[in-house]
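Structure record follows, encoded as structure tokens.
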Amino acid sequence: MIRDARVLRAGFVPREVEHRDAEVNHLSSVLEPITNGEPADTAIVTGPSGVGKTCVSKFVTERLREEVLDVEATYVNCWRNYSRFRTLYQILDDIGATIDIHRQSTPHDELIDRLQQYDGPRTVVILDEVDQLEDPSLIYDLHSMEQFAVICIANKEEELFSRVDDRLVSRLRSSEHVRMDKYHNEQLYDILSARTKWGLENGVITDKQLYQIADAAAGDARLAIGMLRSAASTADRENHEEITNDILLDAAEDARAQIKQKSLDSLTPHQRVVYDIVRDHGPLGPSEIHDRYTEAVDDPRTKRTVRTYLSKMAQYNLLEAEGTSRDREYSLVDSAATSPIQ
DNA sequence: GTTCCACAGGAAAATATGGAGG
DNA sequence: CCTCCATATTTTCCTGTGGAAC
């Protein structure tokens, strides 16, 4: 059933990127100066989830490293490393400059100094989910160091710009922008088809089924590949020769549930109680949510904290906020809104 | 209109957590 | 075990906004 599980895993960077030639070339041209040993400009990559932002960025830097000898590359997920310290540490760690850094003995600016003094090969720094960074001034610091070529990945450029200060906005506006849109169903089919060819035995899934997945994933390649992976692993576990329509049906739901579960798992117990309240009692305003929450737990947090929870969960796409002021209500995001497999 | 009040979300102070070194 | 220190989370205090009641 499964020939090579790697190609179905999240974060896999294929040998050839389908349907992103323009974006690949665009980003390559931004990094082009590095091939002559010159500093490269900052690039910004934007687009909704599952359009291949991370994939294209990694692909381009990997190809650059094939061409040029003296280039390093580092990838930081700013969602997981959202503080200035963590992000810097991650970068230094990747370029091998963390020896003798200890949290206690190393003041903050020491990390920046260390980066500035770094005189190894030029380094491409990919900052993924950069809009999650709590202190965006880090972008400015990196931007001003010639040694580093920065690729910023974000969902929406407005959200990125609204959080950084003016001098950085004007600099970033002039830097190269790679915008990506959702895949069309045909393109998703091609992607799935390529993964199937490398990852699965022949004939375990039909073209029609691949189109069904493409249709259900609504332009999101990560979701589509997740569905394919889930279907393949179920079929494999249950010793089927091929992927049946029943398996596919479950896999589609399973892939969505997995993505949601991942966010849900990152919530604290208190946040989870708040989430459950909104889930069970429909659209509610912050006051009523807090009242019910106070009833439900032993040591309730304050209203302000619960408001922070709510906006965090809205960011994670677990909840939806409607209204801007007194009329605000929170409700569960309707995951059934995306079309299921039929 | 005007007033009122719940809300959003920033800033900063206060408190809890966690990990290293004794 | 405990202490210390940086970091993480929570609380307190706050300003600005806009819907709702008057």
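Proteins come first, then strands; the chains are lettered A, B, ... in the order of their sequence lines, and each starts at number 1.
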Among [options], find the nucleotide with the atom closest to the side chain of [X].
X        : options               : answer
A/Arg304 : C/dT10, C/dC13, B/dA8 : C/dC13
A/Thr305 : C/dG18, C/dT10, B/dA8 : C/dT10
A/Ser287 : B/dC7, C/dT11, C/dG19 : B/dC7

Do A/Val60 and A/Val30 sit in one hydrophobic cluster, given that two such residues count as connected whenever their side-chain heavy atoms are within less than 4.5 Å of each other, even indirectly?
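No, it is not one cluster - the side chains of A/Val60 and A/Val30 are not joined through contacts under 4.5 Å.
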Could you check whether A/Asp207 and A/Tyr189, counting side-chain N and O atoms only, form a donor-acceptor pair closer than 3.5 Å?
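Yes, A/Asp207 and A/Tyr189 have a side-chain donor paired with an acceptor closer than 3.5 Å.
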[X] has an atom [atom1]; how far is it from atom [atom2] of [N], in whole Å?
X        : N      : atom1 : atom2 : result
A/Glu329 : B/dC7  : CD    : C1'   : 13 Å
A/Asp299 : C/dT9  : CG    : C1'   : 13 Å
A/Glu322 : C/dG18 : CD    : P     : 17 Å
A/Lys303 : C/dT9  : NZ    : P     : 24 Å
A/Arg328 : B/dC5  : CZ    : P     : 22 Å
A/Tyr89  : C/dA6  : OH    : C1'   : 14 Å
A/Arg307 : C/dG16 : CZ    : C1'   : 13 Å
A/Tyr309 : B/dC7  : OH    : C1'   : 19 Å

Rounded distance [0.5 Å steps], OH in A/Tyr309 versus CG in A/Leu267:
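Going from OH on A/Tyr309 over to CG on A/Leu267, the span is 10.0 Å.
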Closest-nucleotide mapping onto DNA chain B: is A/Gly323 or A/Arg326 further toward the 5' terminus? I mean the 5' end.
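That would be A/Arg326.
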Does A/Arg279 come within less than 4.0 Å of A/Asp276, counting only side-chain N to carboxylate O?
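Salt bridge flag = yes for A/Asp276 with A/Arg279.
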